[in-house]
Every structure is written in C-alpha cells, then in structure tokens.
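Heads up, the thing below is written out as structure tokens.
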Amino acid sequence: MVDAGDDQPTDQSVSDIVWLHGASLSSSTWPADISGIKPDLPGHGTAPCIANPSVENYADAIEPLLPDRFALVGHSLGGMVALELAARYPQRVRGLVLVEAVPTVRQSKITLVLAHIGKAIMSWLSPKRLAWLSGLSEPVPVRRHLREQIGSMTAQGIKDGLEAAIRYDGRPHLPDIKTPTLIIVGERNPATHAGATLFHDGIEQARLLNMPGGHILHVENPEQFYPTVFEFLGDKR
C-alpha cells in the first residue's frame, strides 16, 4: 500500500496527463482547473458513438490526441482504456494511475453474469431514470454529479460503454506493463477490489491504495484524490 500525501505539489497543472473518464461520465467529470488532456470517450460527452464499441476502439479514438510522452489517469472504464494504451505505447507512458478500475469483468462466470444483468437493467432504464437511481446511496456531491453526468448521456452511449467494458479482457497485458503504476480503490466499493488485486499482482511496478470513498472518488474525496495522483506522477516525471 502507498501512503497518500497531504500536500499537493506546486506544479499541479501537468499538461501531459491524459485524464480518461468512466462509463456514462464525460471529460467534464474532471475539474476545469486541472490541466491536461481530457478527451470524451466515444458515445460520451460531445463524442459521437462508434459502430463497434470496444475498449480497443476507444483507445484508437484517443490515440491521435496523445503527446510523445504522457501519463495516464483512468477511472473505471477509462482505466481499461488506459491499460490498453499503456500496453500499446510502453516507451511513451511515464506513469499510470488506475482508479476504481478492473482489467476485466470476465474473471469468473458469476462476475460475467452479473455484468450482463447490470447491462440489461441499465439498458432498459432511460438515462434520466438511471441517473436518478445511481445517486440514491451516494453522498450529495456525488449524487448531483451523477445525475448531471448520466442524465446528459444518450441511451446508446450508455449501452455502448457497458458493452465495451463487458467485452474487454486486459489480463494478458498485465505482465507487459513496466511503467510505475498506482491503483486506487474506494473503501466503500468492494466490487472493484478483486480487480484491483489482479492489477496489483500482475503489474511489476504497481502499488495499491485503498482510499476513503466510493466509486466516484474524484468527486467524493477530491482533497485526497488529486494530491495523491499529482504526487505519484510528479515522482515519475
């Protein structure tokens, strides 16, 4: 486990950080005053849907935006895309942060069945209804954020993001990831803990941090989340 730092580095506007949001969120999930590259994944935010939604094709869409050398911060589905990019460009990635992400939901029949059930339920609900339900058990700032973010999605974009996550299996990439990696999970969301352990055990230079909060850590606990990310990546510049 890695200890989170209390002080945020003075150089917190790191322009080579690529921030990859989670499913049913968008680039606006990240604060406006955080510098870096903040793309919308296909079907999210202002980015149109694509014909064959997959993590690999989402990575293809992001690739033209990448500088020669960069760091990756990926939340949830964005963590899968970050893993895919880190595996493709090992010499260009200086640091990797995987937040509330898993390399696959296919690690067992049970998790795969649950993922398909979740997809069916979420595909049936309208974005507005899903946004309302998603925030019910969350703290007020997270509840508001989810209702704003998910409520602005299209039904197709939500379905595509879930399909991409279910189809992906990034486990074969793990031994090839040599870049320093920080894995962050929320204490309140045990659903990601087994996947985080897969990351930790499979990536050579990985460290694991269990942080107070739930799945949307960057909204629920920004006071700890952002200083931790910048401190870790600042050490690897």
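Here the side chain of His44 pairs a donor or acceptor atom with the backbone of Pro42 at under 3.5 angstrom. Although no hydrogens or angles enter the test, the distance criterion places no donor-acceptor pair under 3.5 Å between the side chain of Lys38 and the main chain of Thr29. Between the side chain of Arg207 and the backbone N or O of Leu182, no donor-acceptor pair lies under 3.5 Å. Put simply, the side chain of Arg94 never gets that close to the backbone of Pro180: no donor and acceptor are under 3.5 Å apart.
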- Task: Please lay out, stage by stage, how Leu77 and Met80 fare under the test side chain to side chain contact (heavy atoms under 4.5 Å, CB included).
- Result: CA-CA 5 Å; Leu77 173 63; Met80 290 179 165; 4.2 Å; yes
- Query: Taking it one step at a time, do Val18 and Leu85 satisfy side chain to side chain contact (heavy atoms under 4.5 Å, CB included)?
  - Reply: CA-CA 11 Å; Val18 182; Leu85 290 169; 5.7 Å; no
- Let me see the working for Arg144 and Val219 under side chain to side chain contact (heavy atoms under 4.5 Å, CB included), right down to the final yes or no. CA-CA 10 Å; Arg144 290 173 178 166; Val219 175; over 6 Å; no
- Start with the C-alpha gap between His215 and Thr192, add the side-chain angles, then the distance that decides, and say whether side-chain hydrogen bond (donor to acceptor under 3.5 Å, both in side chains) holds. CA-CA 8 Å; His215 188 56; Thr192 59; 5.6 Å; no
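Atom CG of Leu217 and atom CD of Gln224 lie 8.5 Å apart (nearest 0.5 Å). Separating the OG atom in Ser26 from the CD1 atom in Ile150 is a distance of 11.0 Å, to the nearest 0.5 Å. Within the model, atoms NE2 of His145 and CG of Leu25 stand 5.5 Å from one another, a figure rounded to the nearest 0.5 Å. Rounding to the nearest 0.5 Å places CD1 of Ile183 at 6.0 Å from NE2 of His200.
With contacts defined as side-chain heavy-atom distances shorter than 4.5 Å, the pair Phe199/Leu96 does not qualify. Counting heavy atoms from C-beta outward, Ile62 and Leu41 have side chains that approach closer than 4.5 Å. Contact annotation: the side chain of Arg88 approaches that of Glu56 to within less than 4.5 Å [non-hydrogen atoms, C-beta and beyond]. Using a 4.5 Å heavy-atom cutoff, the side chains of Val99 and Phe225 are in contact. Taking 4.5 Å as the limit, some side-chain heavy atom of His75 sits within range of a side-chain heavy atom of Ile216. Using a 4.5 Å cut-off on side-chain heavy atoms (C-beta onward), Val97 and Ile17 make no contact. Side chains of Glu100 and Ile184 form no contact here, defined as non-hydrogen atoms less than 4.5 Å apart. Contact check for Glu84 versus Tyr168: side-chain heavy atoms found under the 4.5 Å cut-off.
Of all the heavy atoms in Ile37 and Pro67, the pair that sits closest is CD1-CD, 3.5 Å. Considering all non-hydrogen atoms of both residues, Leu174 and Leu83 come closest at CD2-CD1, 3.9 Å. Contact record, Leu65 with Pro39: CD1-CB, 3.6 Å, taken as the closest heavy-atom pair. When all heavy atoms of Thr179 and Gln205 are compared, the pair lying nearest together is O-CB, 4.1 Å. When every heavy atom of Gly22 is checked against every heavy atom of Ser76, the shortest pair comes out as CA-CB, 4.0 Å. Nearest heavy-atom pair across Pro64 and Asp60 is CD-O, 3.3 Å.
A 6.0 Å sphere centred on CG of Asp201 holds more than 12 heavy atoms belonging to other residues, nucleotides or ligands.
For Ala87, the side chain to side chain contact (heavy atoms under 4.5 Å, CB included) test picks out His173, Ile177, with sequence neighbours left out.
In summary, the aromatic rings of Trp30 and His21 are positioned with their centroids too far apart to meet the 6.0 Å limit.
Taking the six-membered ring for Trp and thresholds of 30 and 60 degrees, Tyr226 and Trp19 have ring planes inclined between 30 and 60 degrees apart.
Residue pairs meeting the salt bridge (charged side-chain N to carboxylate O under 4.0 Å, His left out) criterion with at least one partner in residues 186-198, sequence neighbours excluded, are Glu138-Arg188, Arg188-Glu220.
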Distance-only donor-acceptor hits, side chain of residues 45-53, under 3.5 Å, sequence neighbours excluded:
residue: Thr46; atom: OG1; partner: Asp40; partner atom: OD2; Å: 3.2
residue: Asn52; atom: OD1; partner: Arg167; partner atom: NH1; Å: 3.0
residue: Asn52; atom: OD1; partner: Arg167; partner atom: NH2; Å: 3.4

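Side-chain atoms of Ser24 and Gln149 form no donor-acceptor pair, as typed in the model, at a separation below 3.5 Å.
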